[in-house]
Amino acid sequence: MTECCRVLVLISGNGSNLQAIIDGCDDNVSAEVVGVISNKPDAYGLTRAHQGEIDTSCVIVRKDETRQQYDQRLQQAIEKYQPDLIVLAGFMRILSDEFVSQYMGRMINIHPSLLPKYAGLNTHQRAIDAKDAEHGASVHFVIPELDAGPVILQAKVPVYEEDNVETLSARVHEQEHAIYPLVVKWFSLQRLKMVDNIAYLDNESIGIHGFAPD
Ligand code: NHR
Ligand code: GAR
């Protein structure tokens, strides 16, 4: 048995994906959530962490601070946990290239769209406005370019005519909670890697829409 994978989760808000990962790690001896860091002091995910007896830190943006200065402080907070994997779960701050370069292959994000569609923000509204028939979520490795890292796993949901942001995002969230813990498990079992911006599962390269069985 290899050693337990130390998972650090970065959040900004509700933390429902954090909860799914905590619950997933309870059933997976190969991974443990060792800490949660928020950039927002009132993030509900911090309460979830406390309930799970998980250590938390807040790294709050200071006035007049540059992105580099913030990212340096964030890095210091991260190093205390000595993580093997950094999981962005609704973390709403763009990270500098220098920061991301430190953690390439060890940092993943969940983005609420079928990447490469709709990088950036307001993805649910954009899918509705475009009258897309399907929408979803993507777990990807984080690279310096925003939401452009190799996709590991996607989940699709249908978009209905009567959908609004609330109904659609709820449908996407449900799928997020299924796929994110699974990807964390793959990583913890050392089945998942990124080499030269390509993601591999069990040494097979993963296509641009993520792992697809058969
Ligand atoms: N950083 C890098 N370098 N690469 C990625 O792929 C990243 C990243 C940081 C965060 C998550 C991402 C998403 O899934 C993520 C991926 C925040 C913004 C944003 O515009 C965009 C994408 C993501 C997260 N943030 C604003 C900012 O100025 C603040 C918005 C707010 O506070 O509401 O940082 O979508
Ligand atoms: C998730 O839907 C995630 O995909 C999205 O924020 C939500 C966080 O929910 N991420 C982004 O939009 C990143 N820009 P949660 O706090 O309940 O996990």
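Ligands are counted one by one from 1 in listed order, and the atoms in each one are counted from 1 as well.
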Item to complete: Mark the output for Gly45 as yes if a heavy-atom distance to ligand 2 is under 4.0 Å, and as no if none is.
Response: no
Worksheet item: Any N/O of Ile94 closer than 3.5 Å to an N/O of ligand 1?
Response: yes
Discussion item. Counting only heavy atoms, tell me which of Leu95, Val100, Val142, Asp147 gets closest to atom 6 (O) of ligand 1.
Written reply: Asp147
Item to complete: For ligand 1, indicate whether the residue Phe91 contacts it via side chain, backbone, both or neither (heavy-atom separation under 4.0 Å).
Response: backbone
Response to the item:
atom 16 (O) of ligand 2 has as its nearest protein heavy atom Gly15 N, 2.7 Å
Item to complete: Assess Gly149 for proximity to ligand 1: is some non-hydrogen atom of it under 4.0 Å away?
Response: no
Item to complete: For Ile11 and ligand 2, answer yes if some heavy atom of the residue is under 4.0 Å from a ligand atom, otherwise no.
Response: no
Worksheet item: With respect to atom 11 (C) of ligand 1, which of Thr123, Ile143, Asn109 exhibits the smallest heavy-atom separation?
Response: Asn109
Discussion item. Please tell me whether Ser16 and His177 have a donor and an acceptor in their side chains that are separated by less than 3.5 angstrom.
Written reply: yes
Item to complete: Please could you name the atoms of ligand 1 that His140 approaches to less than 4.0 Å, counting only its heavy atoms?
Response: 6 (O)
Discussion item. Check for me whether Arg67 has a heavy atom closer than 4.0 Å to any atom of ligand 1.
Written reply: yes
Discussion item. Quick test of your reading of the structure: of His177, Glu176, His111, whose heavy atom lies closest to atom 4 (O) of ligand 2?
Written reply: Glu176
Worksheet item: Arg48 and Asn14: side-chain donor and acceptor closer than 3.5 Å?
Response: yes
Worksheet item: Between Ser30 and Ser188, do the side chains contain an N or O donor and an N or O acceptor separated by less than 3.5 Å?
Response: yes
Practice prompt. Before accepting this row, confirm whether a basic side-chain N of the pair Arg171/Asp163 lies closer than 4.0 Å to the acidic partner's carboxylate O.
Written response: yes
Worksheet item: Side-chain donor-acceptor pair under 3.5 Å between Asp55 and Tyr81, yes or no?
Response: yes
Fill in: Short side-chain donor-acceptor distance under 3.5 Å, Asp71 and Gln75
no
Discussion item. Please tell me whether His111 and His140 have a donor and an acceptor in their side chains that are separated by less than 3.5 angstrom.
Written reply: no
Item to complete: Report the part of Glu145 in contact with ligand 1, treating N, CA, C, O as backbone and CB onward as side chain, heavy atoms under 4.0 Å; options are side chain, backbone, both, neither.
Response: backbone
Worksheet item: Which ligand 2 atoms are under 4.0 Å away from a heavy-atom of Gly90?
Response: 6 (O), 8 (C), 10 (N)
Worksheet, complete the sentence: For Gly120, the atoms of ligand 1 under 4.0 Å from one of its heavy atoms are 35 (O)
Worksheet item: With atoms numbered from 1 as shown, which atoms in ligand 2 lie under 4.0 angstrom from a non-hydrogen atom of Asn14?
Response: 16 (O), 17 (O)
Worksheet, complete the sentence: atom 13 (C) of ligand 2 has as its nearest protein heavy atom Met92 SD, 3.4 Å
